[in-house]
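Below: one structure in structure tokens.
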Amino acid sequence: MNRIQGKRVLITGASAGIGEACARAFHARGAALELVARREERLQHLKDELSEGGDAPVHIHALDVRNREEINRMVEELRSEDRMPEVLVNNAGLVRGLAKLHEADPDTFDEVIDTNVKGLLYLTRALLPSMVERNQGHVVNLGSIAGRMVYPGGNVYNATKFAVRALTHATNVDLVGTRVRASTIDPGAVETEFSLVRFRGDEERAAQVYQGFDPLGPEDVADAICYVVNAPQHVNIQEMLIMPTDQRNPYVRYRDED
Ligand code: NDP
Ligand code: 8X3
């Protein structure tokens, strides 16, 4: 049964990777989309492509999730045009480098925390009240295996994903008595632009991350998110850990070295 058809879904980080795959997956199931990211050209391209393949409306918003004013302006537009979403996918996120905490560049602390935690909080705070008012809605947060186990050089990224996990559970307890749900989706290695961003455009280093094993694809995670959102309203899948079969945790990974 398709319970996604006709729902309005706002996805952050829709210009690449998991967010872009979510846009495709929700659009294929008949959802109206509000797509958010900084790179407007990419969003426009995706909108054009999706609009050719189906009737469900697609709107784009070129903004930085770290900027509350930009978020508030978007929400005003959504409210005034009666387009407040029933589903929020807090997916925008990043990591910088793999340095030890005592050697890392403190500027990256702000960038990663502001995007992964504060951006998610701003969007949630701005959009959740209308879900509570309507007594219907779903907040889906992109956590990570990195929010369950720390690894060397993961430090600040690990901390942000532990925070995402805590905030998902905090959101759920605050929402008790409503029909609004919150979920964290925690993937292992997914082949996207994530490592390219992590290693600041070093393609060779980024490619090495996924060499010799079968990582998840962004569409695998998008499918899982659609499954969680499609569950009947009385079913709240609060967390989902989704790993490549070749990776059992951050340390145990099969690699075909030949
Ligand atoms: P990508 O780098 O492929 O995509 C990241 C997306 O986030 C892009 O669309 C980017 O768009 C957007 N983004 C980044 N910063 C901002 C910002 N300040 N404002 C608005 N949008 C922003 O990475 P993934 O798709 O892999 O990552 C998506 C989420 O999944 C992240 O939260 C990540 O932590 C999580 N995750 C990823 C895993 C992986 O192995 N890839 C595993 C587990 C979790 P733009 O640059 O245009 O703004
Ligand atoms: C991304 C996966 O293992 O690089 O969240 O932290 S990992």
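Indexing begins at 1, ligand by ligand and atom by atom, following the structure's order.
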- prompt: Looking at ligand 1, does Thr12 have a heavy atom less than 4.0 Å from it?
  reply: no
- prompt: Counting only N and O atoms by type, is there a donor-acceptor contact under 3.5 Å from the side chain of Arg96 to the main-chain atoms of Thr108?
  reply: no
- prompt: Does Glu239 pair with Arg165 as a salt bridge, N-O distance under 4.0 Å?
  reply: yes
message: In this structure, does ligand 1 have an atom that sits under 4.0 Å from one of the heavy atoms of Pro218?
response: no
- line: Ranked by distance from atom 10 (C) of ligand 1, the top protein heavy atom is Ser15 OG, 3.8 Å
- line: Of all protein heavy atoms, the one nearest atom 3 (O) of ligand 1 is Glu193 N, 3.1 Å
task: With heavy atoms of Ser144 as the reference, note each atom of ligand 2 found under 4.0 Å away.
output: 1 (C), 2 (C), 5 (O)
message: Any heavy atom of Leu63 closer to ligand 1 than 4.0 angstrom?
response: yes
- request: For atom 13 (N) of ligand 1, state which one of Ala92, Gly19, Pro244 supplies the nearest heavy atom.
  value: Ala92
- request: Show the numbers, then the answer: is there a side-chain contact (heavy atoms from CB on, under 4.5 Å) between His45 and Arg42?
  value: CA-CA 5 Å; His45 189 77; Arg42 288 234 192 163; 5.6 Å; no
- request: For atom 7 (S) of ligand 2, find the nearest protein heavy atom and state the residue, atom name and distance (0.1 Å precision).
  value: Tyr151 OH, 3.6 Å
message: So for Lys161, does at least one of its heavy atoms come nearer than 4.0 angstrom to any atom of ligand 2?
response: no
- prompt: Does the N or O separation between Val190 and ligand 1 drop below 3.5 Å for any pair?
  reply: yes
query: If you measure from the Lys or Arg side-chain nitrogens to the Asp or Glu carboxylate oxygens, is any gap between Asp246 and Arg253 under 4.0 Å?
result: no
task: Hey, could you give me the CZ/CG distance between Arg24 and Leu33, rounded to the nearest 0.5 Å?
output: 11.0 Å
